[in-house]
*Asks:* 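Let me give you the structure first, and then I'll get to my questions.
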Amino acid sequence: MRKITDIVAPIKHFEEGVMSVEASPPPELSPILRMARHAAVLREQGHDIIDLTLGEPDFNAPEHVLDAARSALDERLGYAPANGLKPLRDAIRQRLEQTKLLEYDDDQVAVGCGAKQIIFNAFTATLKPGDQVVIPAPYWAAYPDMVRLCGAEPVILTTTALEGFRLTPEHLEAALKLATRACWLILNAPGNPSGAIYSSVQLDALAAVLRRFPHVRVLCDDIYASIHYAERPPTTLAAVAPDLSPRILLVDGVSKAYAMTGWRVGWACGPRDLIRAINSVQSNNCTQTSTLSQKAAIAALLGPQQSIAERNAIYRQRRDTALEVLRGCPDIDVLAPEGAFYLLPKIQGIADDQALAMTLLGAGVAVVPGSAFGMPGHLRLSFATDLASLAQGCRRLTTELGRQSWR
Ligand SMILES: Cc1ncc(COP(=O)(O)O)c(C=O)c1O
């Protein structure tokens with residue numbers, strides 16, 4: 001049986017050619033939820049707090065999706081297969097073919113309770129104690145905890161703003177040479193919290209490295225793929241390097257694209273043996289995600305798509321407004337994210353980003369410390385909130401930094 005000490009394994013950091021081991025706390029309430037909870041408690045007490053913590057679109061699901069769900073209530077909603085309803089698997093395949101020119105057979109698709117559960121299922125199915133998972137930082141805070149819960153070790157590769165928070169081929173190659181037990185690399189683009197996207201050329205260069213390490217699978221977390229600020233949507237590794245498809249697991253879902261976070265529908269497409277293993281974990285766990293939600297997801301994927309472009313235009317306006325306010329502060333360096341809905345400003349001279357986040361809470365704005373994403377010295381601000389609150393929240397932040405009392 002796995003001991004609790006196995007689960008609370010240390011995190012390995014890999015930076016500039018050196019791999020170091022750092023003790024890490026056991027998985028607990030995520031720092032994002034902790035800050036959001038602080039903000040909610042203060043609000044309940046009557047304080048004026050602008051909450052920029054949560055990665056949740058502030059829109060509702062498109063109307064045609066809600067209509068489809070309402071009419072599905074008149075049907076009998078029994079169990080669905082563990083790998084999802086066939087029309088949903090068909091809709092996922094159809095959409096990937098339309099948007100990415102990627103073709104998958106029916107038995108190459110698994111459906112679960114959100115992208116999060118699909119990723120967890122994939123790790124549960126493949127990781128054993130001692131295995132390593134390579135995670136570029138900044139990273140979505142859940143990845144290292146999921147890896148550790150499976151008894152494996154996260155190996156963190158810290159990227160820099162100079163590289164646009166993208167993993168370089170040189171860094172990847174050096175890391176894979178040292179992390180000899182690496183069995184997964186996670187590529188999340190657009191990234192949470194960086195918003196970074198890889199071009200075809202950049203993916204091609206990473207693919208060239210990956211070809212030299214045939215034992216490493218790649219988990220492409222494309223959950224933010226439809227939220228981007230360039231005209232053309234981002235591409236994905238499987239489209240750029242089809243020869244690597246037998247070891248790529250492409251993960252996506254309806255949460256961000258269609259503002260359907262609470263519906264809990266996510267999926268993965270990949271090699272048959274891995275998909276079979278993921279489905280087996282799924283069927284022995286919660287059987288399937290809600291049949292009602294799956295019907296809504298079918299409507300989302302097959303129905304009109306214009307809400308995505310309309311909402312991207314709104315996100316873009318918010319991003320630009322927030323950047324303007326933040327860049328007016330001499331203590332802040334911040335890149336314009338190319339996708340997703342987060343800003344990751346670096347705060348000059350910061351000693352403790354968690355203490356700063358608490359100070360900012362006192363000043364009426366809730367943000368997440370960058371250390372939650374492997375980026376100490378930074379803060380994460382979500383712009384999935386209305387323009388006026390966002391601008392006001394950013395002003396509160398810059399005003400507080402201007403006070404200097406936090407240093
Ligand atoms: C990078 C990333 N992947 C996956 C997820 C989980 O998405 P889902 O709601 O489909 O579980 C999130 C949610 O915030 C995320 O930021």
Side-chain angles (χ1 to χ4, degrees), residues 54-100 102 104 106 109-119 121 190 192 221-229 233-234 236 250-269 282 286-318 339-342 382-387:
L54 288 180
E56 172 157 29
D58 54 325
F59 304 108
N60 199 0
E63 201 52 45
H64 68 273
V65 173
L66 301 178
D67 286 342
R70 283 183 200 107
S71 43
L73 286 174
D74 295 330
E75 301 167 24
R76 183 178 167 273
L77 294 167
Y79 285 128
N83 60 340
L85 292 169
K86 172 79 165 56
L88 177 55
R89 300 198 306 272
D90 289 345
I92 292 164
R93 291 165 53 221
Q94 184 179 317
R95 197 100 195 99
L96 271 171
E97 205 176 332
Q98 282 167 353
T99 57
K100 304 265 168 21
L102 287 174
Y104 290 95
D106 183 50
V109 183
V111 173
C113 306
K116 191 175 206 173
Q117 194 197 28
I118 281 285
I119 297 169
N121 287 351
N192 171 9
D221 182 347
D222 288 6
I223 192 81
Y224 293 98
S226 61
I227 303 177
H228 56 85
Y229 306 110
T236 191
L250 192 159
V251 175
D252 202 346
V254 294
S255 287
K256 317 290 175 176
Y258 304 102
M260 293 174 67
T261 46
W263 296 77
R264 309 311 301 133
V265 182
W267 53 82
C269 300
Q282 179 73 35
C286 66
T287 307
Q288 50 154 118
T289 192
S290 142
T291 306
L292 176 63
S293 295
Q294 293 191 52
K295 301 218 168 197
I298 296 168
L301 288 167
L302 298 183
Q305 300 294 310
Q306 78 259 24
S307 70
I308 294 179
E310 286 164 11
R311 290 169 178 187
N312 282 352
I314 296 171
Y315 286 133
R316 172 196 275 276
Q317 192 193 7
R318 294 172 179 175
F341 39 63
Y342 307 101
S382 161
F383 50 92
T385 194
D386 70 275
L387 189 61

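None of the values given here were measured: they were computed from a predicted structure.
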*Asks:* So how far is it from Gln317 CD to Tyr229 OH, rounded to the nearest 0.5 Å?
*Replies:* 12.0 Å
*Asks:* Is Cys269 close to Val109 at the side-chain level, that is, under 4.5 Å between some pair of heavy atoms?
*Replies:* yes
*Asks:* Check the pair Arg264, Gln294 against side-chain hydrogen bond (donor to acceptor under 3.5 Å, both in side chains), reporting the backbone distance first and the verdict last.
*Replies:* CA-CA 9 Å; Arg264 309 311 301 133; Gln294 293 191 52; over 6 Å; no
*Asks:* Distance from Tyr79 atom OH to Thr291 atom OG1, nearest 0.5 Å?
*Replies:* 10.0 Å
*Asks:* Considering only NZ, NE, NH1 and NH2 on the basic side and carboxylate oxygens on the acidic side, decide whether Arg318 and Asp58 come within less than 4.0 Å.
*Replies:* yes
*Asks:* Looking at every heavy atom in both Val265 and Ala297, which two are closest together, and how far apart are they?
*Replies:* CG1-CB, 3.8 Å
*Asks:* List the atom of Lys100, the atom of Pro234, and the distance in Å for their closest heavy-atom pair.
*Replies:* CE-O, 3.3 Å
*Asks:* Measure the spacing between OH of Tyr342 and CD1 of Ile227 and express it to the nearest 0.5 Å.
*Replies:* 8.0 Å
*Asks:* Would you check if the side chain of Gln117 reaches a backbone N or O of Ala115 as a donor-acceptor pair within less than 3.5 Å?
*Replies:* no
*Asks:* Please name the pair of heavy atoms, one in Pro304 and one in Gln306, separated by the smallest distance, quoted to 0.1 Å.
*Replies:* CB-OE1, 3.3 Å
*Asks:* With rounding to the nearest 0.5 angstrom, report the CG to CG distance, Asp222 to Leu96.
*Replies:* 8.5 Å
*Asks:* Would you tabulate the side-chain donor-acceptor contacts of residues 84-94 under 3.5 Å, counting partners in other chains and residues two or more places apart, or write 'none'?
*Replies:*
{"unit_1": "Lys86", "atom_1": "NZ", "unit_2": "Asp90", "atom_2": "OD1", "d": "3.0"}
{"unit_1": "Lys86", "atom_1": "NZ", "unit_2": "Asp90", "atom_2": "OD2", "d": "3.1"}
{"unit_1": "Arg89", "atom_1": "NE", "unit_2": "Asp106", "atom_2": "OD1", "d": "2.8"}
{"unit_1": "Arg89", "atom_1": "NH1", "unit_2": "Asn83", "atom_2": "OD1", "d": "3.3"}
{"unit_1": "Arg89", "atom_1": "NH1", "unit_2": "Gly84", "atom_2": "O", "d": "2.6"}
{"unit_1": "Arg89", "atom_1": "NH2", "unit_2": "Asp106", "atom_2": "OD1", "d": "3.4"}
{"unit_1": "Arg89", "atom_1": "NH2", "unit_2": "Asp106", "atom_2": "OD2", "d": "3.0"}
{"unit_1": "Asp90", "atom_1": "OD1", "unit_2": "Arg93", "atom_2": "NH1", "d": "3.1"}
{"unit_1": "Arg93", "atom_1": "NE", "unit_2": "Tyr104", "atom_2": "O", "d": "2.7"}

*Asks:* Restricting to pairs with a member in residues 289-307, which pass salt bridge (Lys or Arg N to Asp or Glu O under 4.0 Å), not counting sequence neighbours?
*Replies:* Glu75-Lys295
*Asks:* Any sub-3.5 Å donor-acceptor pair from Ser382's side-chain atoms to Leu54's backbone N or O?
*Replies:* yes
*Asks:* What distance separates Leu302 CG from His64 NE2, expressed to the nearest 0.5 Å?
*Replies:* 9.0 Å
*Asks:* Check whether any side-chain heavy atom of Val251 sits under 4.5 Å from a side-chain heavy atom of Ile223, and report yes or no.
*Replies:* no
*Asks:* Over all heavy atoms of both residues, which pair between Met260 and Ala61 is shortest? Give the atoms and the distance, please.
*Replies:* CG-CB, 3.6 Å
*Asks:* Between the main-chain N or O of Gly266 and the side-chain N or O of Asp252, is there a donor-acceptor pair closer than 3.5 Å?
*Replies:* no
*Asks:* If you apply the rule side chain to side chain contact (heavy atoms under 4.5 Å, CB included), what do you find for Leu102 with Thr236, and how did you get there?
*Replies:* CA-CA 10 Å; Leu102 287 174; Thr236 191; 3.8 Å; yes
*Asks:* Between Tyr224 and Phe341 (judged by ring centroids, cut-off 6.0 Å), do the two rings come close enough to count as a pair?
*Replies:* yes
*Asks:* Backbone N or O of Ala82 within a donor-acceptor pair of the Gln282 side chain at under 3.5 Å?
*Replies:* no
*Asks:* Is there a side chain to side chain contact (heavy atoms under 4.5 Å, CB included) between Phe383 and Ile314? Walk through the geometry before answering.
*Replies:* CA-CA 10 Å; Phe383 50 92; Ile314 296 171; over 6 Å; no
*Asks:* Flag the pair Ile308 / Tyr258 as yes when at least one side-chain heavy-atom distance between them is below 4.5 Å, and no otherwise.
*Replies:* yes
*Asks:* Compare every heavy atom of Ser307 with every heavy atom of Pro62, then report the nearest pair and how far apart it is.
*Replies:* CG-OG, 3.6 Å
*Asks:* Using every non-hydrogen atom in the two residues, find where Pro57 and Thr261 come nearest and quote the distance to one decimal.
*Replies:* CD-CG2, 3.9 Å
*Asks:* Mind checking the CZ-OG spacing from Arg95 to Ser226? Nearest 0.5 Å is all I need.
*Replies:* 8.0 Å
*Asks:* Stepwise, does the side chain to side chain contact (heavy atoms under 4.5 Å, CB included) test hold for Thr289 with Trp263?
*Replies:* CA-CA 9 Å; Thr289 192; Trp263 296 77; over 6 Å; no
*Asks:* Are the side chain of Ser71 and the backbone of Asp67 linked by a donor-acceptor contact shorter than 3.5 Å?
*Replies:* yes
